[in-house]
Amino acid sequence: DFHTQLNDYYFAGDMESMESPTTALWLYLLIAQHYDKIGQFQVALKFADRAESHTPTLIETLMIKAKIYKVGNFLEFFSKNYMVTLKISS
């Protein structure tokens, strides 16, 4: 699994050779955009979700996820979640 290999690479060795945790975050987003571009939307969402769980407050992650949902034509997902939102806010 790529996620395991990424963790092994970034968190192996001594503190001086470790990459910054933000490197993994931006790699997740880059990979999500790559899979979105080649039409593998489920894989793209998996990596976007990993980026979101890594840093939930990063607005770029939400923008990339929205683009994946839009391009991937997840209209059914949006309609179900929109109805749930309407019921909660009412």
Side-chain angles (χ1 to χ4, degrees):
D1 176 72
F2 178 78
H3 182 59
T4 305
Q5 292 175 352
L6 187 64
N7 281 338
D8 290 345
Y9 175 77
Y10 284 108
F11 302 112
D14 58 359
M15 292 299 286
E16 290 180 14
S17 67
M18 281 179 52
E19 287 283 341
S20 167
T22 57
T23 304
L25 167 68
W26 291 108
L27 278 174
Y28 289 145
L29 291 176
L30 176 68
I31 294 166
Q33 289 177 314
H34 166 73
Y35 281 113
D36 178 43
K37 184 74 173 175
I38 64 172
Q40 294 184 11
F41 305 113
Q42 297 296 336
V43 178
L45 282 175
K46 182 174 94 171
F47 282 100
D49 287 339
R50 286 181 180 171
E52 186 177 20
S53 68
H54 184 283
T55 307
T57 57
L58 186 67
I59 192 70
E60 285 84 354
T61 304
L62 300 175
M63 292 170 41
I64 289 170
K65 283 183 75 172
K67 182 178 178 279
I68 294 168
Y69 281 124
K70 178 183 174 190
V71 174
N73 202 17
F74 290 95
L75 295 176
E76 183 178 330
F77 171 82
F78 277 129
S79 64
K80 287 179 182 177
N81 284 332
Y82 182 69
M83 293 308 293
V84 169
T85 304
L86 285 177
K87 290 176 185 176
I88 291 172
S89 63
S90 298

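Because the structure is a prediction, the values reported are computed rather than measured.
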Item to check | Shortest non-hydrogen contact between F41 and I68, atoms and distance | outcome: O-CG2, 3.9 Å
Checklist entry - Parallel, tilted or perpendicular for Y28 and F47, by the 30°/60° rule? => result tilted
Next on the checklist: Other residues, nucleotides and ligands only: do more than 12 of their heavy atoms fall within 6.0 Å of OH on Y35?
Outcome noted: no
Checklist entry - Can you tell me how far NZ of K46 sits from CD1 of I31, rounded to the nearest 0.5 angstrom? => result 10.0 Å
Checklist entry - Do you reckon I59 sits in the same ILVMFWY cluster as L29, going by side-chain contacts under 4.5 Å, direct or chained? => result no
Next on the checklist: Quick test of your reading: applying salt bridge (charged side-chain N to carboxylate O under 4.0 Å, His left out), list the pairs with at least one residue in residues 22-39, sequence neighbours left out, ordered by first then second residue.
Outcome noted: D36-K67
Checklist outcome for this item: The reported gap from CD1 in I64 to CG in L58 (rounded to nearest 0.5 angstrom) is 8.0 Å
Next on the checklist: Give me the atom names and distance for the closest heavy-atom approach of A32 to A48.
Outcome noted: CB-N, 3.8 Å
Next on the checklist: With rounding to the nearest 0.5 angstrom, report the CD to OG1 distance, E52 to T57.
Outcome noted: 10.0 Å
